[in-house]
Amino acid sequence: MPEGHTIHRAARDHHRMFVGQRLTVTSPQGRFDVGAGRISGRICEAVEACGKHLLYHFKAAPSLHIHLGLFGRILKGKVPAGDPRGEVRVRLAGESHHVDINGPTICETLSSAEVVSLLSRLGPDPLRDDAEPELAYARITRSRLPVGQLLMDQSVIAGIGNIYRTELLWRQRVHPELPGKDLSAASFEAIWQDACNLLALGAKRNAIITVENAPPARSRYRERVNIFGKTDCPACGSAIRRFTLATRKVYVCEHCQPR
DNA sequence: AGAGTTGTTCAAGC
DNA sequence: AGCTTGAACAACTC
């Protein structure tokens with residue numbers, strides 16, 4: 001479910017809901033230690049996203065660090081909250097709403113020094129205004145690895161996942177197997193700018209949308225994409241090739257994305 | 001019902 | 001040092 005747009009959307013929403021409030025933090029299954037009031041009852045000062053990482057900052061307490069991984073979910077409801085459904089690692093309850101974090105791969109507290117070290121190992125995030133894209137381009141041109149792999153590396157760019165990497169490369173007509181060191185500055189610029197726009201659109205619409213003039217969503221799965229999971233190229237009609245890159249399936253139109 | 005998946009880390013080895 | 005591979009973890013849709 002989550003690429004960067006999901007996490008940023010949640011961070012904005014939760015920021016609005018929780019900042020300045022005293023949060024009740026519980027761990028229904030007891031699989032996350034919030035014991036001894038480490039966070040519980042503390043004032044929420046900020047909610048922040050960087051790439052796919054979500055951070056809740058508290059007054060005079062460690063931060064809560066969430067990473068949803070491949071399967072994690074964030075469920076929101078009004079207080080009073082009902083019984084937790086599924087693997088709810090942590091529940092955050094404010095005055096009017098509560099949030100359940102289901103099945104995250106990371107759910108932990110971090111000191112401020114640990115927060116700094118987490119953020120420092122992430123690459124620039126197209127959805128953050130403090131992003132420095134030059135750092136990403138420097139990393140890319142330093143490597144012979146395929147661009148399609150580098151775009152998925154969170155220490156190169158934070159927030160891009162498997163669908164966005166496929167779609168960005170198709171939209172900018174770059175072959176995923178192009179070695180990073182051969183990516184032109186112009187192509188990188190275009191990919192970066194496109195990522196900024198698409199991720200922002202995704203956060204706004206709560207769905208990955210990479211096609212122009214997307215019609216309203218019909219099903220629950222609301223993603224609207226060009227070649228991800230498809231068999232034919234919408235631009236030229238030729239067959240889409242799929243193969244594994246960085247342990248994930250990537251799609252390419254060999255005609256529109258020449259090597 | 002079972003396969004597939006919008007992710008990451010770690011360790012070991014080349 | 002740069003890179004590759006595999007295992008482990010998890011929730012939901014079709």
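As the structure is a prediction and not an experimental result, all values here were calculated from the model.
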| task | Starting from P on B/dG7, measure out to NZ on A/Lys249 and report it in whole angstrom. | result | 14 Å
| said: Does B/dG7 have OP1 or OP2 under 4.0 Å away from a side-chain N or O of A/Arg248? | reply: yes
| task | Verify the distance criterion only: is there a donor paired with an acceptor across the side chains of A/Ser187 and A/Ser184 at less than 3.5 Å? | result | yes
| message | What's A/Tyr164 touching, base or sugar-phosphate or nothing? Going by heavy atoms closer than 4.0 Å. | response | nothing
| said: Check this for me: A/Arg85, atom CZ, are more than 12 non-hydrogen atoms of other residues, nucleotides or ligands nearer than 6.0 Å? | reply: no
| field | Heavy-atom side-chain proximity of A/Leu118 to A/His65 below 4.5 angstrom | value | yes
| task | Specify the separation, in whole Å, of atom CZ of A/Arg85 and atom P of C/dC12. | result | 9 Å
| task | Determine, using ring centers only, whether A/Tyr164 and A/His5 are less than 6.0 Å apart. | result | yes
What N/O pairs connect the protein and nucleotides 5-10 of chain C at under 3.5 Å? Give each pair on its own line.
residue : atom : partner : partner atom : Å
C/dA10  : OP1  : A/Arg31 : NH2          : 3.1

| query | Looking only at heavy atoms, what is the nearest atom pair of A/Tyr137 and A/Ala185, with distance? | reply | OH-N, 3.0 Å
| query | What is the distance from CG of A/Asp153 to C1' of C/dT4, rounded to the nearest Å? | reply | 14 Å
| said: In terms of relative ring orientation, are A/Phe18 and A/His14 parallel, tilted or perpendicular, with 30° and 60° separating the classes? | reply: tilted
| Structure string for DNA chain B in dot-bracket form, Watson-Crick and G-U at under 3.5 Å, | interchain | .||||.||||||||
| field | Protein-nucleotide distance (A/Tyr251, atom OH; B/dG4, atom P), rounded to Å | value | 11 Å
| said: Can you see if the side chain of A/Lys52 gets near the phosphate of B/dT8 - specifically, an N or O under 4.0 Å from OP1 or OP2? | reply: yes
| said: Using a 3.5 Å distance criterion without hydrogens, assess whether the side chain of A/Arg242 forms a donor-acceptor pair with backbone atoms of A/Lys249. | reply: no
| From CZ (A/Arg91) to CG (A/Leu75), nearest 0.5 Å | 9.5 Å
| request: Map A/Ala246 and A/Arg242 onto DNA chain B by nearest heavy atom, then report which one ends up closer to the 5' terminus. | output: A/Arg242
| request: Produce a footprint string for nucleotides 9-14 of chain B: one letter per nucleotide, 5' end first; B if the base is under 4.0 Å from any protein heavy atom, S if only the sugar-phosphate is, - if neither. | output: S-----
| request: Take atom CG of A/Asp125 and atom P of B/dG7, then tell me their distance rounded to the nearest Å. | output: 14 Å
| To the nearest Å, how far apart are A/Asn206 CG and B/dT6 P? | 17 Å
| task | Carefully, step by step, assess A/Arg165 and A/Glu3 under the rule salt bridge (charged side-chain N to carboxylate O under 4.0 Å, His left out). | result | CA-CA 10 Å; A/Arg165 77 151 165 189; A/Glu3 300 202 22; over 6 Å; no
| note | Between A/Ile101 and A/Ile74 the two heavy atoms that sit nearest each other are CD1-CG1, 4.0 Å
| message | Near DNA chain C, counting only heavy atoms under 4.0 Å, which residues of residues 140-151 of chain A show up? | response | A/Ser143, A/Arg144, A/Leu145, A/Gln149
| query | A/Met152 has an atom CE; how far is it from atom P of B/dT6, in whole Å? | reply | 8 Å
| Rounded to whole angstroms, how far apart are CG on A/Leu245 and C1' on B/dT5? | 17 Å
| query | Would A/Glu167 and A/Arg224 satisfy salt bridge (charged side-chain N to carboxylate O under 4.0 Å, His left out), going step by step from the backbone distance to the final call? | reply | CA-CA 10 Å; A/Glu167 293 291 312; A/Arg224 274 143 293 153; over 6 Å; no
| said: Among residues at least two apart in sequence or on other chains, which ones pass ring-ring contact (aromatic ring centres under 6.0 Å, His included) with A/His67? | reply: A/His53
| request: Quick one: which residue pairs count as a side chain to side chain donor-acceptor pair (under 3.5 Å) with a foot in residues 147-160 of chain A, not counting sequence neighbours? | output: A/Arg139-A/Ser155, A/Asp153-A/Ser155
| Considering all heavy atoms of both residues, which atom of A/Val156 and which atom of A/Pro124 are nearest to each other, and what is their separation? | O-CD, 3.2 Å
